[in-house]
Each structure stands twice: as C-alpha cells, then as structure tokens.
Amino acid sequence: MIRRFPLRLVPSAVPLLLCTLIYTAGGHAADADPWNVYIVGLKYFQQGRYAEAEERYIHAIKMAENVSPPDSRRALMYTSLGEIYRLQGKFEKAEPLLKQGIAVGEKELAAAPNIAAAGFNNLGLVYQQTGRYDEAERALRRALALLEQGGSKDILLARALHNLGQLYFLENKIEVAEEFYVRAMKLKEELVGLDDPNIAMTLKGLAAVAAAKKNYANAEIFYQKALAIREKALGAEHPETDESLHDLAAFYRQRGRYADSRMYYSRSVNVEMKRLGADDPKLLATIGNLALVCQDAGDWENAERLYKLVLAARERTVGPNHPSTATALNNLGYFYYGRKHYEVAESYYQRALKIQEGTSAGTADAALTLSNLGALYVSRGEYARAVPVLQQSLAVLRKIRSPGDIDAAAVLNNLGTAYRGLRNFAEAEKSLRQSLTVREKELGRDHPDVATCLTNLGELYQEEGKPREAETLYLEAIQILEKAVGKEHPVLVDPLENYFTLLRETGREAEAESLKLRAEALRRKYGLPVVDYDSVKKPR
C-alpha cells in the first residue's frame, strides 16, 4: 500500500474575508494611506497571487502601525495577512496575527463587528486544520454569534455557516454538517446567485457529504458544478479551480475510475507547472498522485517516469534526508512491489525508513512505509518477519487516526494475510474481516480494495478446506475488479490465479485451464514474472 494522499474528500476552509468586509471601515484618498496599499493586496489575493498579496499586506500593516494614532483598520490587515499564511499552511505565523486582529477588532466591536467575526472565523480554521477541533468550534461559533447579533444576512454569514459545516464533517457528524451546508447554500443562492464562486465552495462541501453517505451520483454532480463555476468565474489557472480539479481526480480514483482521475490530475499538473514552477512542493505532490493513478491503470512506464521525476526533484530541493524524500522513496518502492520486483522495492522501503526514523518516526508516513514493507515480506512468504512490522505500523495509525481509518484497514488486510501464512487462522480472519468492514463502509462494496480483501479471505477459506466459501469470494472479487478497472488490468492476476488453483484442486480442469490462460496473458502483457503453474499449490 502506497503512501496515499487523502482519499476522504474534505472541503477546504473558506476565509470569512472578502471585499464585502473592507468597506465597513471606510477609506482614505491619500496615495500614501495604508488602506490603499491594503486594497492592492486584496486584489492580488482575489486573483490567487498570494506572494504579492502578502508583500502588500505587510507593507500596509507597517504603515498603519506607524501613523498616530494607529489606524484602527489594521485589525483587518492582521486578519488578512494571517489568512494568507493559513492558506499556505504556515499556521505558526497565522495564529498570532489572527489573535492580534481579534484583539484590535474587539475594541472596535460596536462599530465593526464583522472584523472581529472574520478574525474568529479564520482562527477557527487554523485550529481546525491543526486538529484542535474543540478550539475550532468555539472560535467558529463566536464568529457566527457576532454576525447573527449584528443582524448580518450577507455572504459573511453564509461563509460562517459553511465553515461550521466543514468542521462537523471533519468530526464525522455528517448529518449536522449537511444541515449547515444546506443553510449556507440557501443563503448564498439568495445573495449571489448560482454562478458565483461562493456557491462552488459549498457545492464542494455538499459533494463530500454526498460521498460520505454513498450517494456517489450526487457527489459527482456537485463536484462537476463547482469546477464549472470556478472555471467560468475565476479562470482555468486560479488556485480554487485547481482545487476542484484535485477534488474530481481524488473522487474518481476513490471510485476506481482511473481514466477520469488521470485526466483531472493531468490538467492540474499543467496548471500548477505554469503557475508554481517545476520544483514547487504542491506540483510534486500532484505529480505523485498522477503517478499513482497511472500505476492503478497499469501504465507502468509513465508511473515509473513520474515517480522518479518526483524523487529527483525532492532530493534536489530539500535534500536526500528529508521526510518528503522518504515519501518519494516509499512510492517508488510501492511501484516496484507492484511489478513484483521485490528486492528493488525493499531497498527503496529501507532507505525511506532510515530517513523517517531520524525525522518523522511515529507519523502516518512512517507507519505507511512500515505497512508497505510488511506487505512485501508477506508476498515473499516471510510471514514471521512481516507480523511485527505490520503490528508496529498498526499501533502508530491507531494512535493518531480514527478507528475507521482507511490506511489502518490496509495494514489489517496485510496482517491478516501474514497470520494466514503462519496458519493462525483465527487471527487471520479477525484482521481480514475488520479490514473488509472499514473498506466497505468507506469505499463501497464495488471498490477494488474491497476485492483485495475478498480475495485474501477466499485464500483463507481455501486453506481451511472451505472451497464453496472461497469460490464465492473469488468470483465476487473478480466481478468487482472487471467492472472497476476492466478485464485486462494486472490487478486481476492474483484472484484469477487463486481461483485457478481452487478449480484445479476440486477437479474442474477445463475451467481452471481458461483462468490460467487469462492470468498468463496478463503477466506477459504487463511484463510480470512468469509462473510455473504446474508447480503451484497455493498461489500468493
């Protein structure tokens, strides 16, 4: 299992700060006025030109602090600069600025409650993005209360409702989240109409809710509408448009629709290459996702090229011992594991772990590399070696993730297979069933990862002498995969070969031969190692 980028689709936070707010404090005419400098920065912000906006905001703040008496509108400037840092993930810079903006804004609360509300809102988003959900709820509720007390019924109130919906979604309070999103959507439709970027953000949130409720058709419609609105209103190269490309790419990958996912990641790569430059971390992450989808689709050549491109860029920009370089090494290991080049894969995993032991031990990234290494040991039949590695990975994920975590489910799947290899059938079934339960809930019964669990359970039942149960699971796994990725995908090799051995063991030679021919053809097509089927008793 590769180091994945989040599969659970989480809507991005919305800043409670746009041009509707800046007029609450009035304006000055002098060219040297800090307000004029701030307005220029705001225009850059609205265009997605964050570096230029940051420069203007800093200059405006210095000017506002040096006039006598200090310009009261600096509360909004602090809040705006803090928001720029939040959007770039610089939370340690964002938090004190937002608190400073709130402190100044509360002094002017009677005259301008919206400024303090903006500060509380964006501070709540910082807390949310750093996992401090209780503090986030208090701050976001305070923002909402200030707006409602002031009689606000404008886009600022709609955004406050949206952000609370997002928080509750992250806390897995899906019904409550939907309630806030619907309230935000109704107000936005009334205020700005159906073609405004503000609508797109809440459509994204509703799409995430729909996907969480397994209403995938509606989720797709909402994501597509959000992209169309942003492209028309903001342009193809705006960061919010790019965000929608990512949303759709991740959604389609989660649904096993790899061709669609690849198309949207490719579009995003083209946009980010132009806007950010070849070595930008965000672009490299997107290229990594594109490589993963290429691998999912069986395009080994492009997957390998893209993985190596990312590794070279990471080593060049952050050095050979950085956690990001470890992630790139892990991903290349996973690629070679998929090609069944186990020795090469292990060398990449070990290099990644060596970096992570010194920089990021106890993190999800380190846990996922351990999981990948454990899976490799399982594939080589080194079950006793695999179990402690997988248990270590699972312990880390259970400490830092929720019980229904999809990555933990992958570790449980690998652990169950290792226990089966050790003939500890009770623990094997327990782990595999736990993995299957999570994957069915999070991904749906028709996802390729569910088929993997069904295949492994089928192997377990086959070894336990339960051929009927095993055959039912093999057939369902093959049907899921054929529907999700087509009949010519290399991921079908394992379930086809497992089903072949079952048929041969039960004397159904004619049926077994047809499956063997399919599996052999796939191995040849994708350059996988040739297997001597006559010597195989229990396939791996």
Side-chain angles (χ1 to χ4, degrees), residues 1 7 254 256 337-338 371-372 374-384 386-387 389-391 393-394 397-398 403-485 489-506 508 511-512 515 518-519 536-540:
M1 178 199 63
L7 288 178
Q254 186 178 15
Y337 171 79
S371 176
N372 288 343
L376 183 147
Y377 292 150
V378 169
S379 296
R380 289 202 307 216
E382 299 172 6
Y383 309 119
V387 167
V389 173
L390 293 168
Q391 288 175 332
S393 172
L394 187 62
L397 289 174
R398 282 179 166 168
D405 179 65
I406 199 69
D407 290 323
V411 182
L412 283 165
N413 174 74
N414 296 336
L415 188 59
T417 308
Y419 282 132
R420 179 180 61 78
L422 294 171
R423 305 192 66 78
N424 186 342
F425 294 151
E427 286 297 324
E429 182 164 10
K430 177 182 176 182
S431 294
L432 290 170
R433 286 288 179 189
Q434 287 177 351
S435 178
L436 181 61
T437 297
V438 172
R439 284 177 163 176
E440 285 183 324
K441 181 179 178 181
E442 294 296 322
L443 304 175
R445 183 76 178 183
D446 57 350
H447 194 275
D449 286 351
V450 170
T452 299
C453 279
L454 295 174
T455 299
N456 290 336
L457 270 170
E459 287 190 78
L460 173 65
Y461 291 144
Q462 185 176 346
E463 289 205 21
E464 287 185 301
K466 302 175 182 177
R468 290 184 179 179
E469 292 89 337
E471 181 171 5
T472 298
L473 294 173
Y474 288 153
L475 283 170
E476 184 176 2
I478 291 168
Q479 289 168 359
I480 290 171
L481 292 172
E482 288 179 338
K483 181 178 179 181
V485 299
H489 195 283
V491 76
L492 278 157
V493 169
D494 282 345
L496 287 172
E497 290 179 344
N498 289 353
Y499 191 24
F500 153 73
T501 62
L502 178 67
L503 291 174
R504 191 175 63 177
E505 288 171 0
T506 54
R508 296 153 69 182
E511 295 173 79
L515 291 174
R518 277 190 71 185
V536 174
K537 293 184 178 180
K538 290 288 190 298
R540 288 276 7 111

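We count residues from 1, following the sequence as given.
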*Minimum heavy-atom distance between L432 and N413, given as atom pair plus value*: CD2-O, 3.5 Å

*asked:* If I take atom CG from residue L394 and atom OG from residue S431, how far apart are they, to the nearest 0.5 angstrom?
replied: 8.0 Å

*Residues H447, E442; criterion side chain to side chain contact (heavy atoms under 4.5 Å, CB included); working and verdict*: CA-CA 10 Å; H447 194 275; E442 294 296 322; over 6 Å; no

_Spacing of CG belonging to L481 relative to CG belonging to D449, to within rounding of 0.5 Å_ = 9.5 Å

*Working for side chain to side chain contact (heavy atoms under 4.5 Å, CB included), residues E511 and L515*: CA-CA 7 Å; E511 295 173 79; L515 291 174; 5.8 Å; no

*Which of these passes side chain to side chain contact (heavy atoms under 4.5 Å, CB included) with L397: I406, V411, L412?*
V411

_Side-chain heavy-atom pair E471, L475 within 4.5 angstrom cut-off_ = yes

*Would you please say whether a donor-acceptor pair under 3.5 Å links the side chains of Y419 and E429?*
no

*What distance separates D446 CG from E476 CD, expressed to the nearest 0.5 Å?*
10.0 Å

*For the residue pair S371 and D407, establish whether any side-chain heavy-atom pair is separated by less than 4.5 Å.*
no

*Would you indicate whether the side-chain heavy atoms of T455 and I478 approach each other to under 4.5 Å?*
no

*Which pair of heavy atoms, one from A409 and one from S435, lies closest together, and at what distance?*
O-OG, 2.6 Å

*Side chains of Q462 and T501: is there a donor and an acceptor less than 3.5 Å apart?*
yes

*Find the distance between CZ (F500) and CD (E505) and round it off to the nearest 0.5 Å.*
9.5 Å

_Using a 3.5 Å distance criterion without hydrogens, assess whether the side chain of T472 forms a donor-acceptor pair with backbone atoms of R468._
yes

*asked:* Could you tell me if the side chain of L454 sits less than 4.5 Å from the side chain of V450, heavy atoms only?
replied: yes

*If you round to the nearest 0.5 Å, how far is CG of L422 from OG1 of T417?*
11.0 Å

*asked:* Is it the case that the side chain of T437 and the backbone of R433 share a donor-acceptor pair, with hydrogens and angles ignored and the cut-off at 3.5 Å?
replied: yes

*Where A470 and G458 come nearest, the two heavy atoms and their spacing*: CB-O, 3.2 Å

*asked:* Side chains of R398 and D405, heavy atoms from C-beta outward: is any pair under 4.5 Å?
replied: no

*T452 and R439, any side-chain heavy atoms less than 4.5 Å apart*: yes

*For A386 against Y377, the heavy-atom pair lying closest together*: CB-CB, 3.7 Å

_Note, K441 side chain near V438 side chain (heavy atom, < 4.5 Å)_ = no

*When you measure from the side chain of T506 to the backbone N and O of L503, does any donor-acceptor pair fall under 3.5 Å?*
yes

*Can you tell me how far CZ of R508 sits from OH of Y499, rounded to the nearest 0.5 angstrom?*
4.5 Å

*Which heavy-atom pair separates G256 from V485 by the least distance, and what is that distance?*
O-CG1, 4.4 Å

*asked:* Given 3.5 Å as the limit, does a donor-acceptor pair link the side chain of Y474 with the main chain of E497, or not?
replied: no

*Compare every heavy atom of Y337 with every heavy atom of S379, then report the nearest pair and how far apart it is.*
OG-OH, 2.7 Å

